[in-house]
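Letters A, B, ... mirror the listed sequences (proteins, then strands); counts begin at 1.
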Amino acid sequence: MATMQIATWNVNSLKVRLPQVLDWLAAHPEVTALALQETKLEDKNFPKAEIEAAGYVVEFMGQKTYNGVAMIARAPIQDVQFQIPGFDDHQVRLVAATVQGVRVVGGYFPNGQSLESEKYPYKLSWLDALLAWLPGELSRYPRLALVGDFNIAPEDRDVHDPVKWAGDVLVSPPERERFFKLVELGLVDSFRLFPQEDKAFSWWDYRAAGFRRNAGLRIDHVLLSAPLAAACTACVIDREPRRNERPSDHAPVFVTLAL
DNA sequence: ATGGCTTCTCGTAGAAGA
C-alpha cells in the first residue's frame, strides 16, 4: 500500500506565485499531483523548465490575463486532455490527466460575476457540460478526483456570513444544485469525510483584511469517486501559504489517499 | 461604505476576480 496526495491550488498568476508553488511542493513531498488554476500565462511564457528543474513534470494550457490551468506531477502524466469535450469554450478552464493510475480532473470553474451578468448563464452551462461529460469519464476511470476552484460554496457552513451572501453568485441555488448533482454522480466532497473546525474556508478576499478576519468561503474542493473516497485518510485546506508575502487569495487543498 | 486589494494589459485606468 502506497500513499499519494493530490492537491489543487488557484494561484492567481503563476508568474507571481511560482516561487511559492515550488516552496510548497518542496514542503509537501508526498504530493504526487498538483492541479493549478488561474495561471494567467500563455504557453510560451509558462515556467516549464523551472518546474522540471525542481523534479516535476508538468502539462499546461493557458491564455493571457485570465484563466489557464496546469497539472504538475512527480510521476509521469498520461492521457492529457484539456477542456470539456464538445463544449466550445474560449476560456481555458480544465485539464484532465492520469497520474499513478488516478484520473485527476482539474477545473477552474467560471465565477459568474453576478446573477445578472451574462457570465452567470455561462457558468451554469459550463457546469451542465461538466455534468454531462463526467459519467463517461467515471466509467472509464473508476479512480477519479475532480479538483479545483469550483467557485461554489456548497452549504451555508462554507460561507463566513451566509446572510450577507444569501442568493448571491457562488452560493445561489442553481449553482449549489449543480454541485450536488456532481455528488449524485458518485463524487464525494472529501473535506466532509472528516471532522473539521467550524468556519473552514479556502478563499479570503484581499480587501478588508478578509484573511485576518477569516471572512472567507470554501470554494476549492477535492471530490472523489467511491474507490478513492474509500482510500482517503485526510483532506486538508492549508492556510499557511495565505500568510506569505503576496499570497494567492486561495489556499491549496489536498487529500491523502492510501492506495 | 454596492467599497476594500491584487492582477493583468496593444497599460499608466479600467476590468475582473469572488
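Between A:Gln63 atom CD and B:dT9 atom P there is a gap of 12 Å when expressed in whole angstrom units. In this structure, A:Arg207 places its CZ atom 12 Å from C1' of B:dA1, rounding to the nearest Å. The CG-P distance, from A:Asp220 to B:dA18, rounds to 9 Å in whole Å. Between the NE2 atom of A:His250 and the C1' atom of B:dT6 there is a distance of 12 Å, rounded to whole Å. Distance A:Phe211 CZ to B:dT6 P: 14 Å, rounded to the nearest Å. Between the P atom of B:dT6 and the NZ atom of A:Lys15 lies a distance of 17 Å, rounded to the nearest Å. Rounded to whole Å, atom P of B:dG17 lies 9 Å from atom CG of A:Asn151. Rounding to whole angstrom units, CD of residue A:Glu38 and C1' of B:dA16 are separated by 9 Å.
The residue A:Lys123 sits apart from the nucleic acid: no heavy atom pair falls under 4.0 Å. Note on A:Val16: only backbone sugar-phosphate atoms sit closer than 4.0 angstrom, heavy atoms only; bases stay farther off. Backbone-only contact: A:Arg17 has heavy atoms under 4.0 Å from sugar-phosphate atoms and none from a base. Within 4.0 Å (heavy atoms only), A:Asp149 reaches sugar-phosphate atoms of the nucleic acid but no base atom. Residue A:Phe201 is classed as having no contact, given no heavy-atom separation below 4.0 Å to the nucleic acid.
Checking B:dG17, B:dC10, B:dC8 against the side-chain heavy atoms of A:Ser13 singles out B:dC8 as nearest. For A:Ala208, the side-chain atoms get nearest to B:dG4 when compared with the rest of B:dC10, B:dA18, B:dG4. In this structure, the nucleotide among B:dG17, B:dC8, B:dA18 sitting nearest to the side chain of A:Tyr206 is B:dG17. Distance from the side chain of A:Lys40 is smallest to B:dC8 among B:dC8, B:dA16, B:dA18.
No single ILVMFWY cluster, assembled from side-chain heavy atoms under 4.5 Å apart, contains both A:Ile72 and A:Tyr108. Note on A:Leu193 and A:Val147: separate hydrophobic clusters, where clusters join Ile, Leu, Val, Met, Phe, Trp and Tyr whose side-chain heavy atoms are under 4.5 Å apart, directly or indirectly. No continuous path of ILVMFWY side-chain contacts below 4.5 Å connects A:Val80 to A:Phe87, so the two sit in separate hydrophobic clusters.
Partner of A:Tyr56 under the side chain to side chain contact (heavy atoms under 4.5 Å, CB included) criterion, out of A:Val21, A:Leu25, A:Ile77, A:Leu22: A:Leu25 alone.
For the OP1/OP2 pair of B:dT2 and a distance below 4.0 Å, the side-chain nitrogens and oxygens of A:Lys164 include no atom meeting the criterion. Side-chain N/O atoms of A:Asn10 include one lying less than 4.0 angstrom from OP1 or OP2 on B:dA18. An OP1 or OP2 oxygen of B:dA18 is reached within less than 4.0 angstrom by a side-chain nitrogen or oxygen of A:Asn111. Here A:Gln113 does not reach the OP1 or OP2 of B:dA18: none of its side-chain N or O atoms lies under 4.0 Å away. Distances shorter than 4.0 Å separate none of the side-chain N or O atoms of A:Arg246 from OP1 or OP2 on B:dC5.
With a 6.0 Å radius and a threshold of 12 heavy atoms from other residues, nucleotides or ligands, A:Arg192 has its CZ atom above the threshold.
Between A:Lys64 and A:Pro247, the one whose closest nucleotide on DNA chain B sits nearer the 5' end is A:Pro247.
No donor-acceptor pair closer than 3.5 Å links the side chain of A:Gln5 to the backbone N or O of A:Leu34.
The C1' atoms of B:dA16 and B:dG11 are separated by 15 Å, rounded to the nearest whole Å. Rounded to whole Å, the C1' atom of B:dT12 lies 13 Å from the corresponding atom of B:dC8. Comparing the C1' positions of B:dA1 and B:dA13 gives an interatomic distance of 22 Å, to the nearest angstrom. Distance check on atom C1': B:dA15 versus B:dC10 gives 15 Å, rounded to whole Å. B:dT2 and B:dT7 have their P atoms separated by 25 Å, with the value rounded to a whole Å.
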Quiz item: Do A:Arg178 and A:Asp128 pass the salt bridge (charged side-chain N to carboxylate O under 4.0 Å, His left out) test, and can you show the C-alpha distance, the side-chain angles, and the key distance before you say yes or no?
Solution: CA-CA 8 Å; A:Arg178 284 162 175 81; A:Asp128 288 339; 2.9 Å; yes

